[in-house]
Amino acid sequence: MASATTLRRSADRKVTNLPSPNGKTARIANSFGLPAGAAHSCPGATATCERVCYAGKLENLYKGLREVLVGNLEALTGLDRAGMAGLLSEMIDEFRVDCDGAERRGATVPRDFRIHWDGDFFSLAYAQAWADVVRAAPDIRFWVYTRSFNPERLDVLPVLKGLDNLTVYLSVDPDNLGAAKAARRRCPWVHWAYLAETFADGRADLADLPGKRYPCPENGRRIPLINEKGSACIRCGVCPSGRGDVVFSIAKR
Ligand code: SF4
């Protein structure tokens, strides 16, 4: 039974695991959001991400969207790890019901869920709650980007370690590059999502780092946000699978 306060998922066209037949909207909401910014859920916010945060811009554009995100944060505030895990778990159960229903109607529905299309891990207990939920849902593949990896503020990486069905990307930009390098030395299992002014800048900034990296094809306008074949992220698959590091460009070129 759902509790009196529930969390609300978001139907993000870029990541949905089931598009509408005309390829324009998301049929299943497979992401979760919180209000962005250092004053809300992002203790690791940098000057660069505060400047360009696309999710924060959407919050300002759509009042209803903002209310959903604020409601989610208010529902979690004041709860302990178990209380937060309970709410998150109910939300994931509802996602599973949606997937089951679509499959019964003949759709192919990958069980992929993006934690935080907006916002971030705001406390250790909240990250622990998500780890509990991910561990209890081996049928679902989760992925997340986070700036909460600086031990001087908040480092959630130790509690997200060792979860086979979770891919963790550090959200990195020139402002937190040093902290990200240190985090990867501590936690070599994480990937990077690097935000540069241009793809060429990103390649240059990361040139001395080992490993494979991909320019995000949606950000570079090489694949659509969504079409009848699927959303950009499910079709691309790099981030949900954790295939390698990813580079994003503010200029989209
Ligand atoms: S690299 Fe692929 S999976 Fe990652 S954000 Fe871009 S389109 Fe989505």
Side-chain angles (χ1 to χ4, degrees), residues 9-20 23-34 36 42 44 46 48-49 52-58 95 99 108-121 134 140-149 160 163-173 176 180 184 189-203 205-206 209 211-253:
R9 289 170 285 147
S10 294
D12 182 344
R13 293 186 300 154
K14 183 182 167 189
V15 309
T16 185
N17 57 339
L18 185 66
S20 59
K24 293 190 186 308
T25 58
R27 284 276 292 276
I28 291 184
N30 67 332
S31 63
F32 178 67
L34 295 170
C42 303
T46 65
T48 297
C49 77
V52 302
C53 181
Y54 83 96
K57 286 177 183 161
L58 289 177
F95 166 65
C99 294
T108 301
V109 188
R111 306 282 169 128
D112 288 325
F113 192 96
R114 176 177 173 180
I115 302 171
H116 301 151
W117 72 270
D118 191 1
D120 206 337
F121 295 109
V134 169
I140 297 171
R141 187 170 65 164
F142 296 85
W143 84 102
V144 69
Y145 311 83
T146 182
R147 281 184 167 78
S148 297
F149 55 79
L160 301 180
L163 296 164
D164 292 341
N165 56 330
L166 172 68
T167 298
V168 178
Y169 276 84
L170 308 186
S171 291
V172 186
D173 60 53
N176 63 1
R184 186 125 85 174
W189 48 273
V190 296
H191 300 283
W192 277 20
Y194 187 73
L195 178 66
E197 291 297 330
T198 66
F199 287 116
D201 288 345
R203 274 196 300 277
D205 288 353
L206 306 185
L209 297 179
K212 183 124 181 89
R213 61 191 63 95
Y214 302 84
C216 169
E218 189 282 322
N219 178 238
R221 299 190 174 115
R222 288 186 287 117
I223 61 173
L225 190 74
I226 188 170
N227 67 15
E228 66 284 352
K229 293 184 186 147
S231 66
C233 290
I234 299 301
R235 289 179 66 207
C236 162
V238 169
C239 297
S241 67
R243 206 180 302 149
D245 295 344
V246 177
V247 178
F248 296 94
S249 157
I250 293 170
K252 300 182 186 294
R253 59 178 165 77

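From a predicted model like this one, the values you see are computed outputs, not experimental measurements. Atoms within a ligand are numbered from 1 in the order they appear, just like the ligands themselves. Start at 1 with the first residue, then count along the sequence. Hydrogens, waters and symmetry mates play no part in the numbers below; they use all other heavy atoms, side chains included.
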*Answer yes or no for Tyr145: is there a heavy-atom contact with ligand 1 below 4.0 Å?*
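It does, in that a heavy atom of Tyr145 comes within the 4.0 Å cut-off of ligand 1.
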*List the steps, then state whether side chain to side chain donor-acceptor pair (under 3.5 Å) holds for Thr46 with Asp173.*
CA-CA 8 Å; Thr46 65; Asp173 60 53; 2.6 Å; yes
*Give a yes or no on whether the backbone of Ile28 and the side-chain of Thr16 come within a donor-acceptor separation of less than 3.5 Å.*
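Yes: the side chain of Thr16 pairs with the backbone of Ile28.
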*Taking Asn165 for the side chain and Val134 for the main chain, is one N or O donor matched with an acceptor at less than 3.5 Å?*
yes
*List-wise, which protein N, O or S atoms are found short of 2.8 Å from atom 8 (Fe) of ligand 1?*
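Cys233 SG, with waters left out.
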_Distance-only side-chain donor-acceptor flag, Ser31 / Asp12, under 3.5 Å_ =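 The answer is no; no qualifying pair exists.
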*Only pairs at least two apart or in different chains count here, so list each salt bridge (Lys or Arg N to Asp or Glu O under 4.0 Å) that has a residue in residues 241-250.*
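Listed by first then second residue: Arg184-Asp245.
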*Whether over 12 other heavy atoms sit under 6.0 Å from Arg235 CZ*: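 Yes, the 6.0 Å shell around CZ holds more than 12 heavy atoms from other groups.
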*Drop me the distance from Arg147's CZ to His116's NE2, to the nearest 0.5 angstrom.*
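Spacing of CZ (Arg147) from NE2 (His116) equals 13.5 Å.
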_Need the ligand 1 atom indices (1-based, order shown) with element for anything under 4.0 Å from a heavy-atom of Phe248._
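Answer, ordered by atom number: 5 (S).
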